[in-house]
**Q** 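First the structure, then my questions, so here it is.
Index from 1, following the sequence. Note that ligands are numbered from 1 as they come in the structure, with each ligand's atoms numbered from 1 the same way.
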Amino acid sequence: MKLSWKNFLLWSLPIIVISFFIWQGFLAPTNNELNNSNMNNSRMTYGRFLEYMEMGWVKKVDIYDNGHTAIVEAVGPELGNRVQKIRVELPNSAPELITKIKKLNIDLDAHPSKNSNALWNLLGNLLFPLFLIVGLAFLFRRSSNSNSGPGQAMSFGKSKALFQMEAKTGVVFNDVAGIDEAKEEFEEVVTFLKKPECFTAVGAKIPKGVLLIGPPGTGKTLLAKAIAGEANVPFFSISGSEFVEMFVGVGASRVRDLFKKAKENAPCIVFIDEIDAVGRQRGTGIGGGNDEREQTLNQLLTEMDGFEGNTGIIVIAATNRVDILDSALLRPGRFDRQVNVDVPDFKGRLAILNVHANNKKIDSGVSLGIIARRTPGFSGADLANLLNEAAILTARKRKNMITLKEIDASIDRIVAGMEGNPLTDSKSKRLIAYHEIGHALIGTLLANHDLVQKVTLIPRGQARGLTWFTPSEDQAMISRSQILSRIMGALGGRAAEEVVFGEAEVTTGASNDLQQVTSMARQMVTRFGMSNIGPLSLESEELNPFLGRGMNNNSNYSDEIAIKIDKQIQLIVEECHIKTVKMIKENRIVIDRLVDILIEQETINGDDFRAILNQYTNIPNKKV
Ligand code: ADP
Ligand code: MG
Ligand code: ZN
């Protein structure tokens, strides 16, 4: 039975209070006689009462309530000359009153209140501790009987309810796709868990801790489970945020419990999700120190040092913020191995789609390659979600095979939000049509621009019309001319509004486009050295993790340079704008035609768009 003093006080206090009230409320008798005595509510002051006594009008005095109240039977002219019972509040302790009453030979009776009744007193004194003992015993029993559910009242510091243990995860490496490097790294770990002799024989030490670093949804948890599954060992998991509790010391004791259980079940995997919640750099001062977190982290470090390298416990931690982790965590002997799990590339996405398509009925006409092509930036979890959404959509339509149509609709929905109702207002619809065709036209005519996938007037999320592009895969390195093409493409919408409707009629619809344009131009100047200022890096993307975005501007240049930067940004955007407007003007005829088609059909797909445009002008070939 684990019971610390803190817990004892915490729980016995309310019980004492509650029992006290029970005792007071249920057992303390109320003086019914006093309340029920049949008197007609008449009262009299103490002074008047004394006068009455002097006059000999008082017949009888009954004293109640420990001498605080008296019921007086009196006759007098004021009382209509008949005997009446009158209530008198007596001043505190009036012993001379009693003597006086006796002297005047008035009938006197005292009614002690039941409160001072010896029997009641005794009972109350006995019952109160009894309640206490029974109450405490009840709590003890509950807390020692079960360690989960409502019975955990007494077991604050125990983490049993908070870490999960899976004897068999049922996940194997084949369920994890697209992150082959990380998988290879872990095959060794699995071998160690299965055949530790191979390593210990040659004196090798296996790392105790592996840190999985990667954005959310890339399969970190899945991978950790797969290791346990492959090695056929139990899987203990807890999330970093669960360590951090309101009470100081609870987190540390949870760590202790977790490792105690793990040692009992070795070999096993201990998985700590979101380790950044406890393991962030200590003592940065910003945001206030957190003793609890530091204690928890210290305990974690102690535990990791405590078990010998070959006990068979491997701690796997996951985070997407390795930059804020305390360096003590990354030291050799702790999480000295780091494995990066990144958002998958085309091949990775294809592999993940294959894994998740396995248990779904997908039409044979669907090429997973096309889906993988359309989903750059999707994580494994996004892709799993995508196929699930498509399956739900299929079921809703009462079809029995998932087709490309449902998958496409799901992608659109995940990327741009829910589909809205088609627009009706013809004037603004026309303007939006010109805006979108503007984007699509510029995007198609520029050789360096991503391929147009479709243009649509069906609103989605915040957008009232959308032009979709199929991004090329290699987004890691982008050339100057590619960025310029993107700026022009983004300006295409506003440029079309200007040319067709005139400067006065342009709308706020382009604000998002302009934001992107400005940001791209700014980065060209300050980060990529793509302007007349020269190859200088003036701002870095690095963010101080303890400050909010925007609060930290890593700019360390003079005001003079700042003015130059602004000039260069303006210059880039202006140049692109002029070129874009020119292209729109040159293609006005085909734009009008495309707008008519778009308004009629609501959506034009990329191939149709290019086919129509091709009749009027030469369009560059693009590889997908
Ligand atoms: P993380 O822990 O990195 O946030 P999870 O491991 O919880 O991500 O992934 C959530 C879900 O997404 C998994 O259960 C799985 O269905 C899917 N998933 C993510 N990455 C992959 C992958 N590489 N291969 C297969 N499925 C994946
Ligand atoms: Mg996870
Ligand atoms: Zn736009």
Side-chain angles (χ1 to χ4, degrees), residues 164 169-183 186 211-227 229 235 237-241 271-277 316-321 339-345 347-360 372 378-388 416 431-443 455-457 459-460 462-469 486-498 506-517 580:
Q164 288 88 44
T169 60
V171 181
V172 290
F173 275 151
N174 272 342
D175 295 328
V176 190
I179 38 176
D180 295 335
E181 295 87 355
K183 249 161 79 176
F186 278 126
L211 188 62
L212 281 169
I213 305 160
T218 45
K220 300 183 292 297
T221 310
L222 192 70
L223 193 55
K225 282 190 177 174
I227 296 163
F235 180 76
S237 66
I238 189 166
S239 171
S241 54
F271 180 63
I272 304 174
D273 212 349
E274 301 171 50
I275 195 170
D276 41 300
I316 301 175
T319 180
N320 53 354
R321 303 297 310 271
V339 176
N340 280 305
V341 185
D342 252 327
V343 173
D345 58 4
K347 263 165 73 190
R349 288 196 301 274
L350 187 57
I352 294 171
L353 283 171
N354 267 315
V355 167
H356 288 278
N358 247 343
N359 59 357
K360 300 201 172 56
F378 273 46
S379 69
D382 292 334
L383 292 168
N385 180 33
L386 164 66
L387 288 186
N388 192 47
L431 185 129
I432 296 164
Y434 273 104
H435 180 109
E436 296 306 329
I437 294 289
H439 284 309
L441 179 104
I442 304 292
V455 194
T456 175
L457 283 184
R460 224 176 240 290
Q462 300 291 315
R464 291 188 299 160
L466 279 167
T467 306
W468 294 83
F469 296 95
R486 282 187 195 177
I487 292 179
M488 287 175 66
L491 285 169
R494 166 55 69 87
E497 288 181 40
E498 264 172 44
V506 296
T507 65
T508 53
S511 73
N512 200 15
D513 297 336
L514 301 184
Q515 226 169 3
Q516 283 179 27
V517 166
T580 311

**Q** Looking only at protein heavy atoms, which one is nearest to atom 12 (O) of ligand 1, and how far off is it?
**A**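 Going by distance alone, atom 12 (O) of ligand 1 is nearest to Ala381 CA, 3.1 Å.
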**Q** What is the distance from atom CG of Asp180 to atom CZ of Phe173, rounded to the nearest 0.5 Å?
**A**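 Result: 11.0 Å between the selected atoms.
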**Q** Please work out whether any backbone atom (N, CA, C, O) or any side-chain heavy atom from C-beta onward of Leu383 is under 4.0 Å from ligand 1, and answer side chain, backbone, both or neither.
**A**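 Looking at Leu383 and ligand 1, no heavy atom falls under 4.0 Å.
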**Q** Do Ile442 and Leu491 come within less than 4.5 Å of each other through their side chains, counting heavy atoms only?
**A**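 Of all side-chain heavy-atom pairs linking Leu491 with Ile442, none is under 4.5 Å.
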**Q** Does some non-hydrogen atom of His356 fall short of 4.0 Å from ligand 1?
**A**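 Right, His356 reaches ligand 1.
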**Q** Does any N/O atom on Asp273 come nearer than 3.5 Å to any N/O atom on ligand 1?
**A**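 So ligand 1 has no N or O lying under 3.5 Å from an N or O of Asp273.
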**Q** What part of Ile352 sits under 4.0 Å from ligand 1 if we count only heavy atoms: the side chain, the backbone, both or neither?
**A**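 For Ile352, the contact with ligand 1 is made by the side chain alone.
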**Q** If you take the nearest heavy atom of each of Val171, Thr221, Ile179, which one is closest to atom 2 (O) of ligand 1?
**A**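 Going through Val171, Thr221, Ile179 one by one, Thr221 has the nearest heavy atom to atom 2 (O) of ligand 1.
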**Q** Using 0.5 Å steps for rounding, measure from the CG atom of Leu386 to the CZ atom of Arg349.
**A**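 So the gap between those two atoms works out to 11.5 Å.
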**Q** If we only count heavy atoms from C-beta on, is the Lys183 to Val176 side-chain gap below 4.5 Å?
**A**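 When only atoms from C-beta onward are counted, Val176 and Lys183 do touch, with a gap below 4.5 Å.
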**Q** Does even one non-hydrogen atom of Ala177 get within less than 4.0 Å of ligand 1?
**A**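 For ligand 1, residue contact (heavy atoms, under 4.0 Å) with Ala177 is present.
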**Q** Which residue from Gly219, Gly380, Ala318 reaches closest to atom 9 (O) of ligand 1 through any of its heavy atoms?
**A**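 The residue whose heavy atom sits nearest atom 9 (O) of ligand 1 is Gly219.
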**Q** Would you give the length of the straight line joining atom CD1 of Ile352 to atom CD1 of Ile179, rounded to the nearest 0.5 angstrom?
**A**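 The CD1 atom of Ile352 sits 7.0 Å away from the CD1 atom of Ile179.
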**Q** Backbone N or O of Thr507 within a donor-acceptor pair of the Glu497 side chain at under 3.5 Å?
**A**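 Side chain of Glu497 to backbone of Thr507: a pair is present.
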**Q** Is any side-chain heavy atom of Ile316 less than 4.5 Å from a side-chain heavy atom of Phe235?
**A**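 They are not in side-chain contact.
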**Q** Should Asp513 and His435 count as side-chain neighbours, where that means a heavy-atom distance under 4.5 Å?
**A**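 Asp513 vs His435: side chains touch.
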**Q** In this structure, does ligand 1 have an atom that sits under 4.0 Å from one of the heavy atoms of Asp175?
**A**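 Flag set, Asp175 near ligand 1.
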**Q** Side chains of Phe271 and Ile238: closer than 4.5 Å at any heavy-atom pair?
**A**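 A side-chain contact is absent here, since even the closest heavy-atom pair is not under 4.5 Å.
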**Q** Mind checking salt bridge (Lys or Arg N to Asp or Glu O under 4.0 Å) for Lys220 and listing every partner two or more places apart, or none if nothing turns up?
**A**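 Checked Lys220 against salt bridge (Lys or Arg N to Asp or Glu O under 4.0 Å); zero matches.
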**Q** Report the name of the N/O/S atom of Asp513 located nearest to the Zn ion (ligand 3).
**A**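 In Asp513, the N, O or S atom with the shortest distance to the Zn ion (ligand 3) is OD2.
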**Q** When you measure from the side chain of Asn385 to the backbone N and O of Asp382, does any donor-acceptor pair fall under 3.5 Å?
**A**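 No; judged by distance alone, with no hydrogens or angles, the pair does not exist.
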**Q** What residue and heavy atom of the protein are closest to atom 6 (O) of ligand 1, and at what distance?
**A**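 Checked against all protein heavy atoms, atom 6 (O) of ligand 1 sits closest to Leu222 N, 2.9 Å.
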**Q** Start with the C-alpha gap between Asp342 and Thr218, add the side-chain angles, then the distance that decides, and say whether side chain to side chain contact (heavy atoms under 4.5 Å, CB included) holds.
**A** CA-CA 7 Å; Asp342 252 327; Thr218 45; over 6 Å; no
**Q** To the nearest 0.5 Å, tell me how far Thr221 OG1 sits from Asp273 CG.
**A**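 Answer for the OG1-CG pair, Thr221 versus Asp273, is 4.5 Å.
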**Q** What's the shortest distance from atom 4 (O) of ligand 1 to any protein heavy atom, and which residue and atom give it?
**A**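 Here the nearest protein heavy atom works out to Gly217 N, 2.7 Å.
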**Q** Looking only at distances, can you tell me whether any N or O atom of Pro216, backbone or side chain, sits closer than 3.5 Å to an N or O atom of ligand 1?
**A**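 No.
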**Q** Leaving waters out, which protein N, O or S atoms fall under 2.8 Å from the Mg ion (ligand 2)?
**A**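 Those protein N, O or S atoms (cut-off: under 2.8 Å from the Mg ion (ligand 2)) are Thr221 OG1.
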**Q** Would you check the N or O atoms of Gly178, main chain and side chain alike, for any that come under 3.5 Å of an N or O of ligand 1?
**A**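 No; the residue has no nitrogen or oxygen that sits under 3.5 Å from a nitrogen or oxygen of the ligand.
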